[in-house]
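Structure incoming, see below.
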2 protein chains.
Amino acid sequence: MRFSKTSEYAIRVLTFMAYDETKVYSANFLHEELGLPYRYLTKLMTELSKKKLVQRVRGREGGFCIKKKLSQITVKDIVHAVDENMDFKRCILGFDKCSDDSPCSMHKYWEKHKKQINKMAESVSLDDLRKSKTVKL
Amino acid sequence: MRFSKTSEYAIRVLTFMAYDETKVYSANFLHEELGLPYRYLTKLMTELSKKKLVQRVRGREGGFCIKKKLSQITVKDIVHAVDENMDFKRCILGFDKCSDDSPCSMHKYWEKHKKQINKMAESVSLDDLRKSKTVKL
DNA sequence: TGTATATACCACCCCTGGGTAGTATTTTTT
DNA sequence: AAAAAATACTACCCAGGGGTGGTATATACA
């Protein structure tokens with residue numbers, strides 16, 4: 001019942017960067033502030049830049065800054081950027097054919113949570129996360 | 001947003017066996033009916049018997065049958081039997097210190113879903129699953 | 001123009017969950 | 001007692017996510 005670790009990192013980094021959306025953050029600075037492994041972080045940032053969520057600024061004094069409007073980046077966008085096959089619609093027991101008409105045994109107990117979570121991921125934006133971020137976490 | 005594959009298998013097998021809770025099901029029969037890899041299935045069943053969810057009947061004509069009352073086995077019991085470190089309480093961003101007092105940026109958006117899912121897993125029993133099982137899945 | 005400070009790219013390592021193989025052991029049937 | 005039909009145990013394999021290392025490339029500033 002969780003996102004992949006890489007998804008967690010992506011959300012943490014972007015939420016941190018959202019504090020000042022115009023600033024250019026170097027990978028080293030993010031590494032020191034957030035405590036993520038430097039190498040893994042740079043790999044992640046490269047991925048996020050390929051997916052157009054952040055803009056790269058190369059060379060000395062370079063780094064990354066957020067490319068799009070904060071309100072236009074949702075949790076789902078972030079998760080999908082780093083975890084392509086994350087499926088919010090998936091049957092909890094893994095049945096391809098599971099549906100309202102032909103439900104698996106867990107269907108009626110899981111379906112509403114799935115829908116709610118999907119909706120949350122689609123509607124909560126980076127701007128929302130920025131607002132609810134505390135100093136400590 | 002899913003259980004581990006082994007958890008899926010465990011739920012599928014137990015729900016199938018719940019159809020006739022007194023019957024002894026051989027691993028081979030379950031394998032043929034459910035289509036799970038035979039070897040993996042026996043490994044899983046051994047695990048479930050160690051966790052006292054099923055009873056083993058050794059020797060020829062042997063197999064497994066459900067040990068406890070169907071209403072006393074919850075989804076959470078099943079998941080925990082095969083996946084010890086499945087944590088229904090975990091912070092979605094992986095912060096140990098995340099709490100209502102010191103929330104991570106996702107906390108207010110995730111907390112209620114987490115609570116609901118946890119409650120569902122604790123309250124839905126194998127008897128409930130048996131009743132909602134369709135012929136096909 | 002050289003050097004320092006950035007990211008970019010490629011290959012690799014490690015651990016874990018999922019899955020396989022061989023063989024031993026138990027019990028029923030004949 | 002032997003054969004058949006089942007589980008039990010131990011070890012191993014494989015793929016993928018998470019994480020590291022080396023080095024190339026880009027840019028700013030002295």
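Just so it is clear: chains get the letters A, B, ... in the order the sequence lines come, proteins before strands, and each one is counted from 1. Owing to the predicted nature of the structure, the values given are computational and were not obtained by experimental measurement.
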Separation of atom CD in E47(B) from atom C1' in dC9(D), rounded to whole Å: 13 Å
dT7(C) phosphate, OP1 or OP2, under 4.0 Å from T42(A) side-chain N/O: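 No, T42(A) has no side-chain N/O under 4.0 Å of OP1/OP2 on dT7(C).
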Between C1' of dG18(C) and CG of L36(B), the distance in whole Å: 12 Å
Phosphate-side-chain proximity, T46(B) and dA8(D), N/O vs OP1/OP2 below 4.0 Å: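 Answer is yes, contact under 4.0 Å.
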Phosphate contact (dA8(D) OP1 or OP2) by R56(B) side-chain N/O below 4.0 Å: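 Looking at the OP1 and OP2 atoms of dA8(D), one of them is under 4.0 Å from a side-chain N or O of R56(B).
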With E122(A) via side-chain contact (heavy atoms from CB on, under 4.5 Å) - residues at least two apart: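 E122(A) satisfies side-chain contact (heavy atoms from CB on, under 4.5 Å) with K76(A), N118(A) only.
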No-hydrogen, no-angle side-chain donor-acceptor test under 3.5 Å, S7(B) and S4(B):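 Yes.
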Nucleotide nearest R58(A) when distance is taken to its side chain, options dA26(D), dT26(C), dT20(D): dA26(D)
Nucleotide nearest Y38(A) when distance is taken to its side chain, options dT27(C), dT7(C), dG18(C): dT7(C)
Y40(A) vs dG21(D): side-chain N/O to OP1/OP2 distance below 4.0 Å: no
Distances for protein N/O vs nucleotides 21-23 of chain C N/O pairs under 3.5 angstrom?
{"unit_1": "dG22(C)", "atom_1": "N7", "unit_2": "R39(B)", "atom_2": "NH1", "d": "3.3"}
{"unit_1": "dG22(C)", "atom_1": "N7", "unit_2": "R39(B)", "atom_2": "NH2", "d": "2.8"}
{"unit_1": "dG22(C)", "atom_1": "O6", "unit_2": "R39(B)", "atom_2": "NH1", "d": "2.6"}

Members of residues 8-33 of chain B that approach DNA chain C, where some heavy atom sits under 4.0 Å away: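 The stretch gives Y9(B) as the residues lying under 4.0 Å from the strand, ordered by number.
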Lys/Arg-Asp/Glu bridge criterion (N-O < 4.0 Å) met for E84(B), K51(B):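 Here E84(B) pairs with K51(B) in a salt bridge, since their nearest N and O are under 4.0 Å apart.
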Exercise: do S102(A) and S99(A) side chains pair donor with acceptor under 3.5 Å: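 No - no donor-acceptor pair under 3.5 Å links their side chains.
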Comparing D83(B) and F64(A) on DNA chain C - which has the more 5′ nearest nucleotide: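 Its nearest nucleotide lies further toward 5', so the answer is F64(A).
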Touch class at under 4.0 angstrom, heavy-atom based, for S49(A) against every strand present: nothing
Shortest side-chain distance from E61(B), nucleotide among dT28(C), dG19(D), dA11(D):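 Closest of the options to the side chain of E61(B): dT28(C).
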Criterion side-chain contact (heavy atoms from CB on, under 4.5 Å) on W110(A) and C91(A), from CA distance to verdict: CA-CA 9 Å; W110(A) 180 249; C91(A) 164; over 6 Å; no
5' priority, DNA chain D, between N85(A) and G59(A) [closest heavy atom]: N85(A)
Rounded interatomic separation in angstrom, taking CE from M45(A) and C1' from dA6(C):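 About 13 Å, once rounded to whole Å.
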Test of ring centre spacing under 6.0 Å for Y40(B) and H31(B): no
Aromatic plane relationship, F88(B) with F3(B) - under 30° parallel, 30 to 60° tilted, over 60° perpendicular: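 Perpendicular.
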Charged N-O contact under 4.0 Å between R12(A) and E8(A):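 No.
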Out of dG19(D), dT27(C), dT20(C), whichever nucleotide has its closest atom nearest the side chain of K5(A): dG19(D)
